[in-house]
Amino acid sequence: MLITLDEAAKRLSAGEIIAVPTETVYGLAASIYHPEAIQQIFALKGRPSDNPLITHIANLDQLAPLIGAGPDDFEALCKAFWPGPLTLVVPAKEEMLPPAIRAGLPTAAFRMPRHEAALQLIAKTGPLVMPSANLSGKPSSTSPDHIEQDFGKAFPILESGQRSCKLGLESTVLIAKEGVWTIGRVGAIPPEELESVLGYRPSFGMKSSKPLCPGQRYRHYAPQCKLLVGTEMPTGIDVILGFDEREYPPGAKVLSMGSLSSPESAAQRLYTLLRLLDIDEIPEAWVDTNFPEQGLWASIRERLHKAAGKVDEI
Ligand code: TXA
Ligand code: MG
């Protein structure tokens, strides 16, 4: 159910949860001043309580009271990428952020989204936590239809005038540790772009036995459908997530991620296609992962591998 900006602000200030569009994916929003609403978000998503949430701000004035000393290059990163799809994990002013948001950690994650309606809303309500608006472990939501699929037709969604999220892939999470920034989750901003600001290419902390982002421990983005990822088509498959330029065996049903020249279109379609597999009750599909390694493609590959349950192979 689409609701206006005023209605959305009223509900959040009364301690309710609503869905809010951003340029990456839809978020399930609650005010940081309503700890009971934050608890409810964990329950609604079925999210483990040790997986912390991102606090979204509309301007730097809202951020200042919530953080401790900003690490090296913090301001340069904010200036270069905010508003935008970069989440920064920094020391938190612990008394200002309910422990459930931080999962008890001394750090907290922050992001200023590049989305007009979201920014207007957050400017009115104050900071909002917004995990992706999906059932835990399932593909994220990039359109109001996806929210309806997971939370029902009556669930309130902030109206934005847009049918789908512009980027379609979650923010990149960058974590400050001992003076160095490390990627906790790959996402809409590729490491190559971060390098231009930091002077070094941040590494991806996923490979260590203890992931930097608690969320990385859990299965994510996964449809019911069994996904087989790889560059060679397995036998006995009749549904393919593929590309416009490729020729696949006749008779196979191809769900297109778009052109191999546009990682942007593959990112934008990704979660809609993964959801479609379940709507059509497809038991098994092959994902053609014969695409480039760099830039946004690396994030798309990580999502597809996770969706297929192949967490350790990246
Ligand atoms: O694009 C996005 O980031 C979307 C939109 C709605 O803004 N939000 C989103 O939230 O993807 P969520 O909850 O699905 O993912 C948040 C990620 C998780 O992997 C979590 O573990 C990590 O951020 N995170 C949050 N706080 C952290 C912290 N203090 N230390 C390390 N990782 C943290
Ligand atoms: Mg998520």
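Atoms considered below: every heavy atom in the structure, side chains included; atoms not considered: hydrogens, waters and symmetry mates. On a predicted model such as this, the values are computed, not experimentally measured, just so you know. Indexing begins at 1, ligand by ligand and atom by atom, following the structure's order.
In this structure, atom 24 (N) of ligand 1 lies nearest to the protein heavy atom P52 CG, 3.9 Å. Of the protein's non-hydrogen atoms, R185 NH1, 3.0 Å is the one closest to atom 11 (O) of ligand 1. Atom 7 (O) of ligand 1 has its closest protein heavy atom at H56 NE2, 2.6 Å. For atom 29 (N) of ligand 1, the closest non-hydrogen atom of the protein is T107 OG1, 3.1 Å. I54 CD1, 3.6 Å is the protein heavy atom nearest to atom 16 (C) of ligand 1. For atom 18 (C) of ligand 1, the nearest non-hydrogen atom of the protein is N51 OD1, 3.7 Å. Closest to atom 9 (C) of ligand 1 among all protein heavy atoms lies S132 N, 3.7 Å. Scanning the protein for heavy atoms near atom 30 (N) of ligand 1, the closest one is V89 CG1, 3.5 Å.
Side chains of R111 and T22: a donor-acceptor N/O pair is present below 3.5 angstrom, by distance only. Side-chain contact check for S171 and T24: no donor-acceptor pair (N or O, by modelled atom type) lies under 3.5 Å. Between the side chains of N134 and Y271, no donor-acceptor pair is found at a separation under 3.5 Å. Between the side chains of E170 and S132, no donor-acceptor pair is found at a separation under 3.5 Å. Side-chain contact, S259 with D244: no donor N or O sits under 3.5 Å from an acceptor N or O.
Those atoms of ligand 1 that come under 4.0 Å of a heavy atom in G27, given as number and element, are 6 (C). The ligand atoms of ligand 1 that sit less than 4.0 angstrom from a heavy atom of P131 are 10 (O), 12 (P), 13 (O).
No option in V197, V89, L88 other than L88 meets the side chain to side chain contact (heavy atoms under 4.5 Å, CB included) test with W181.
K166 has no carboxylate O lying under 4.0 Å from a charged side-chain N of E23, or vice versa, which leaves the two without a salt bridge.
Looking at ligand 1, you'll find an N or O of T24 within less than 3.5 Å of one of its N or O atoms. Every N/O-N/O distance between Y26 and ligand 1 stays at or above 3.5 Å.
Residue-level proximity to ligand 1 for R102 is absent, since no heavy atom of it falls below 4.0 angstrom. Contacts with ligand 1 closer than 4.0 Å are made by no heavy atom of K45, backbone or side chain.
The Mg ion (ligand 2) lies at 2.8 Å or more from every N, O or S atom belonging to N134.
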Stepwise side-chain contact (heavy atoms from CB on, under 4.5 Å) test for D145 and T272: CA-CA 10 Å; D145 291 345; T272 301; over 6 Å; no
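Counting non-hydrogen atoms of other residues, nucleotides and ligands closer than 6.0 Å to CD of E245 gives a total above 12. The local environment of CD in E195 is crowded, with over 12 non-hydrogen atoms from other residues, nucleotides or ligands closer than 6.0 Å.
Checking R47, E170, K177 against atom 13 (O) of ligand 1, the nearest heavy atom belongs to R47.
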